[in-house]
Structure formats: structure tokens, C-alpha cells
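Single-structure report; data block below.
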Amino acid sequence: MQHGRYLGAQRRTLSGQAVTRTNAPVTVPSHRQTVAKAAAVEPETIPHSELLDNLFQDMCKHYDIDTLVTIGDSGTGGIGLFAKQDFTKGQTIIKVPRSICIVIDNDTGALTIPQGDWPRLSGGIMQEGEPLPWDILQGLALMDATAGDGDPFWELYAEHLLPPPEEVTLPMAWGPELLQQLQHEAIEQGAQAQQERLRTLLPPEYMNPIEPGLPSYLQWGFACVRSRALQLGQQAFGMVPFADIANHSADPNADTRAAPAAPTAAGSESAADAPQQQQQAAGGFVELLAVKDIPAGTEVTISYSGLQGYTNQRFMVQYGFAPAQGNPADRLELTVPDSLQGASFRLSYLEDALGAKLLMDAAQGKNPYLIAALKSLPVTADDVGPAQEAAAAAGAAAGTGRGLGPSTQQEKDLADALKQQVEAQLAQGSGSSLQEDEQLLQQLEEQQQQQGEVDVRLVAAVRYRVERKRLLQACQVLLNIFLRE
Ligand SMILES: C[S@@+](CC[C@H](N)C(=O)[O-])C[C@H]1O[C@@H](n2cnc3c(N)ncnc32)[C@H](O)[C@@H]1O
């Protein structure tokens with residue numbers, strides 16, 4: 001996959017204006033030159049991920065960070081971290097000094113950030129009115145970083161190891177055309193509301209697109225924060241370089257841990273204090289730890305959602321992707337009409353119609369669409385008497401099913417009402433069929449694999465709507481069971 005970062009990275013200027021570099025001498029070796037040289041000499045022959053990995057290794061070395069991982073193309077979304085060696089459960093994979101992170105603790109109001117000017121961040125902190133939330137402040141810090149107004153490390157990191165604006169897949173960084181590709185009005189409206197909020201909270205020029213078809217630098221920075229920041233304490237959130245390259249898995253092999261910051265002589269300053277005083281060295285580390293044995297070569301993943309999981313809508317809005325091939329924690333938003341409040345479908349009836357094995361498979365996670373559909377509907381486990389059970393078993397043995405007789409009128413009415421909602425959701429957007437979308441997704445993915453020019457944002461949108469339609473169709477199948485005569 002061809003990333004804009006590194007090879008394609010062209011220096012852009014904020015809002016089309018020249019960037020004034022205000023910060024002190026660069027302390028990080030100038031990798032950009034090395035990279036630019038390498039890219040200029042043999043741009044086609046040096047694999048992009050190798051170039052990125054070289055930079056990653058150099059940057060880590062500069063901060064005495066042991067690199068037991070490499071960067072590579074993850075196959076799921078952009079780049080990821082890969083184990084260079086075997087890890088055993090509990091072992092540290094990477095340990096990032098907190099002093100190079102950008103951390104805001106909402107409880108104490110403390111901000112820790114490497115030395116630098118950070119003018120937009122300072123402006124945001126000092127701004128009158130409601131204090132800006134931590135994620136917007138950190139978004140401003142990334143704007144500073146990419147403009148060369150933060151610190152040299154973050155400038156380099158933002159330019160090469162954060163996704164370039166054309167690869168930001170969070171809907172709030174998209175224009176109307178891309179938003180429509182999701183075919184989901186709730187996300188479209190939410191993204192536009194978020195854009196409006198940013199426009200009202202900050203100087204309007206911060207929302208000027210970098211180029212037509214691209215987000216503004218504010219949207220880019222904010223999206224990076226929303227999708228990459230780690231929770232480092234009850235109310236502390238941080239941009240943690242290197243560790244933030246770990247991708248999500250529902251069955252992760254690693255987790256992050258924040259080692260508490262040792263108290264410094266100066267102590268933490270409040271984010272409301274003068275900007276220069278906010279910059280101070282923070283002790284402690286953020287670690288990526290193996291939560292199971294990890295063989296060398298394996299991708300190191302963490303869970304973004306915890307055990308309970310997130311819906312696809314939340315994954316898309318916050319992280320810009322929907323897990324491929326189903327998500328048992330996904331849910332549809334369906335409303336039981338007032339006239340049917342309290343009504344539900346009998347699980348035993350579905351079990352009879354579908355067969356116990358299918359339901360058992362779903363419960364064991366083998367059929368994520370079915371489990372998500374079952375959980376999206378008001379289904380209740382009911383007691384089935386021995387006579388009904390015997391009739392159901394006989395029906396199943398004879399291949400006729402329906403041992404429990406017809407569905408009740410209430411079940412039919414409920415199924416009818418919910419089916420209309422499912423159909424309305426399926427008809428959102430251009431109304432392309434699931435089959436058409438699957439074909440389009442396959443084409444786009446093939447193009448991607450062949451290193452073709454593909455808009456990764458479009459791929460993310462089509463993948464999202466494919467996953468959503470699969471779930472909607474699974475719900476339709478279940479509802480039809482109650483509607484058949
Ligand atoms: C914390 S970053 C991880 C590094 C990222 N892959 C990159 O290229 O910089 C989070 C982003 O990675 C992508 N991502 C992470 N896990 C993913 C997954 N399981 N499937 C698809 N995309 C994923 C999404 O774009 C998400 O916003």
C-alpha cells in the first residue's frame with residue numbers, strides 16, 4: 001500500500017500560509033534528509049514500510065528506546081507493529097518515556113509536553129470561555145507539530161508516522177461526498193455536527209481544507225488524537241508515540257500500561273497557567289506489554305474497545321474503520337413502537353426455526369452477524385415446557401421445524417414494525433445492494449494490493465456499509481421467521 005507519509009510527504013503549510021518556524025535548534029537527527037535522499041534515488045525500489053521502519057528505529061534509538069518491534073504494513077489498516085523476537089506473556093514490548101508524550105490530565109489540569117512554543121495549543125488553553133476539552137487541545141498541539149511550531153521530535157513524527165490527511169478515515173475529517181459513501185445518515189449528521197462544533201470553538205481559518213478534498217489541519221490533528229490517544233489514568237489521556245502504531249484486535253496479544261510519573265521538583269503545572277510554565281519533564285513511561293506469548297513476526301495488537309466491544313458505528317466514528325468479517329458487539333438502532341412496548345420475540349421460537357446448532361455457533365462467536373442481529377432485536381429467553389420441546393425436536397428431526405407452532409400476533413406486529421425500520425436503513429444513501437457493495441469492495445481491495453492509487457477513505461466507507469448491510473440483512477432473516485405464515 002502506498003502511504004502518503006514518507007514518500008509522498010510534501011510539506012504543506014497551515015491554511016495555505018507560510019509556516020514560521022519558531023522553535024529552538026533541532027535536537028533530533030535530520031531523518032527527513034536521509035529519507036528524502038533515499039526516496040529520490042530509488043523511490044520505486046525501496047519498500048515504503050522499510051523506509052518507515054528505518055525512521056522508526058532511528059527515532060527510537062535517539063531516545064534510548066529498545067526496539068524489539070518493527071513497522072510493517074498491517075493488512076488491516078495502514079501500518080502496524082510487528083514482533084522482532086518472541087515475547088513471553090508479561091514481557092515489555094516497547095517502553096516510551098512519558099517526557100516525549102503529549103499528556104493532559106483532566107483531573108489535575110496538568111499538561112505535559114516536550115519543550116517548544118506550541119502557539120496554537122497555548123492559544124487554545126488561554127482562550128476565553130469554556131475550557132477546550134483535552135482532545136481538541138491535543139489536536140491543536142498536532143497542528144503546531146506539523147507546522148514546525150511544536151518540538152522537532154513531534155514535527156518529524158507528525159510528518160512521517162502519523163497518517164497523512166488524505167488517509168484519515170474518520171468521518172469527521174471528510175467532506176460531504178465521502179460521508180455519503182457511508183450510507184448511514186446518523187454518522188453523516190454526527191460528523192457534520194462535529195465539524196460545526198470545531199468551527200465555532202476555534203478560529204474559523206483552522207477549518208480551511210489543506211487542499212480541496214482534504215480535511216483542514218485541525219480536523220487532521222483532532223482525528224489523529226481521537227483515534228490514537230491512550231488513556232493513561234482515570235482522566236489522563238496522551239499521544240504516545242510508537243505505542244500508538246499498535247492496531248486493534250478483538251483478540252489482542254498486548255496491552256498498554258502507564259507507569260506513574262515520579263514527582264518532579266517542579267511538580268505538574270496547571271494547564272491554565274502560562275504556556276511556558278506548562279512544559280516540564282515528566283517522569284515515568286508508557287509501556288506496551290505482551291498479554292500472551294507472541295511469536296516473532298506476529299503483529300502486536302491491542303484492544304481499543306475492551307472486553308465488551310464497540311459497535312461498528314462507534315469504531316467508524318472514533319477510529320475510522322469497521323472490523324472486517326463481522327463484529328459480535330455490533331448493534332442496530334431499532335425502536336420498539338409505543339404500542340408494542342414490552343413485546344419481545346421468543347428465543348425458543350428462533351431456536352426451533354434456525355436449529356440449536358446455528359444459535360450455539362453464534363453464541364461461540366462463529367457467526368458474528370447472527371449474534372449481533374439477535375442482540376439488536378428484543379429477544380427473550382423463554383421457558384419451553386417438555387411437550388413443546390418434544391414437538392420441536394420431532395419437527396427438527398423431520399426437517400419441518402415449527403414445533404412451537406405459529407408466531408404470536410404480537411410477534412408478527414413487532415416483526416413487521418422492525419422490518420420496516422431495517423428496510424428504511426437499508427435504503428439510506430444511494431441504496432446500492434449488498435452484492436454491489438461487496439463487488440466494489442473486492443475491486444478496491446485488489447487495487448490496493450496491486451499498489452494502485454486507491455482512496456483509503458473510500459475503502460473504509462465501503463467496508464463500513466458492507467458490514468452494516470450484512471447485519472441489516474441478518475436482522476431481516478430473523479424478522480421474516482416471525483412473519484411467515
Ligand atoms: C492507533 S492507530 C494504529 C496505527 C495505524 N494503523 C497507522 O497506520 O498509523 C489507529 C488507526 O489504525 C487503523 N486500524 C487499527 N486497527 C485496525 C483494524 N483492526 N482494522 C482496520 N483498521 C485498523 C485505523 O485507521 C485507526 O484509526
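Read the numbers this way: they start at 1 and go in the same order the structure lists the ligands and their atoms.
- When heavy-atom distances to ligand 1 are checked against a 4.0 Å cut-off, L162 has no atom that comes that close, whether in backbone or side chain.
- Of all the listed residues (L52, I71, N247), N247 holds the heavy atom that lies closest to atom 15 (C) of ligand 1.
- Ring-centre distance between Y157 and F242: below the 6.0 Å cut-off.
- With ligand atoms numbered from 1 in the order given, ligand 1 contributes 1 (C), 3 (C) to contacts under 4.0 Å with heavy atoms of A246.
- With R457, H248, R463, E167 as candidates, the residue nearest to atom 16 (N) of ligand 1 on a non-hydrogen basis is H248.
- Residue D244 approaches ligand 1 through these ligand atoms, each under 4.0 Å from one of its heavy atoms: 1 (C), 2 (S), 3 (C), 4 (C).
- Heavy atoms of A324 come nearer than 4.0 angstrom to ligand 1 in no pair at all.
- Each of Q428, K469, R468 was checked for a side-chain hydrogen bond (donor to acceptor under 3.5 Å, both in side chains) with Q183, and the lone residue meeting it is K469.
- Residue contacts with ligand 1, taken as heavy atom pairs separated by less than 4.0 Å, do not involve S74 at all.
- Every atom of ligand 1 with a heavy atom of I245 under 4.0 Å away is listed here by number and element: 3 (C), 4 (C).
- Counting atoms of ligand 1 from 1 in the listed order, those under 4.0 Å from a heavy atom of T169 are 25 (O).
- With ligand atoms numbered from 1 in the order given, ligand 1 contributes 24 (C), 25 (O), 26 (C), 27 (O) to contacts under 4.0 Å with heavy atoms of Y319.
- Shown here are the ring-ring contact (aromatic ring centres under 6.0 Å, His included) partners of Y369, two or more places apart in sequence or in another chain: there are none.
- Interatomic distance, CD1 of I102 versus CG of L111, reported as 8.5 Å (0.5 Å rounding).
- Less than 4.0 angstrom separates some heavy atom of F321 from each of these atoms of ligand 1: 14 (N), 15 (C), 16 (N), 17 (C), 18 (C), 19 (N), 20 (N), 21 (C), 22 (N), 23 (C), 24 (C).
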Exercise. Stepwise, does the side chain to side chain donor-acceptor pair (under 3.5 Å) test hold for D437 with S432?
Worked result: CA-CA 7 Å; D437 288 349; S432 54; 2.7 Å; yes

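- Residue H248 forms a ring-ring contact (aromatic ring centres under 6.0 Å, His included) with just one option from Y304, Y319, Y310, and that option is Y304.
- Using a 3.5 Å distance cut-off with no hydrogens or angles, the side chains of N367 and D361 do not pair a donor with an acceptor.
- Nearest-residue assignment for atom 9 (O) of ligand 1 (options R226, R228, Q318; heavy-atom criterion): R228.
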Scan the side chains in residues 189-197 for donor-acceptor partners under 3.5 Å anywhere in the protein, sequence neighbours excluded, and list what turns up.
| from | atom 1 | to | atom 2 | distance (Å) |
| --- | --- | --- | --- | --- |
| Q195 | NE2 | M172 | O | 3.0 |
| Q195 | NE2 | W174 | O | 2.8 |
| E196 | OE1 | R199 | NH1 | 2.9 |

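- Heavy-atom contacts of G78 reach the following atoms of ligand 1: 8 (O) (cutoff under 4.0 Å).
- Between F56 and H160, the ring centre distance reaches or exceeds 6.0 Å.
- At a heavy-atom distance under 4.0 Å, atoms from both the backbone and the side chain of I79 approach ligand 1.
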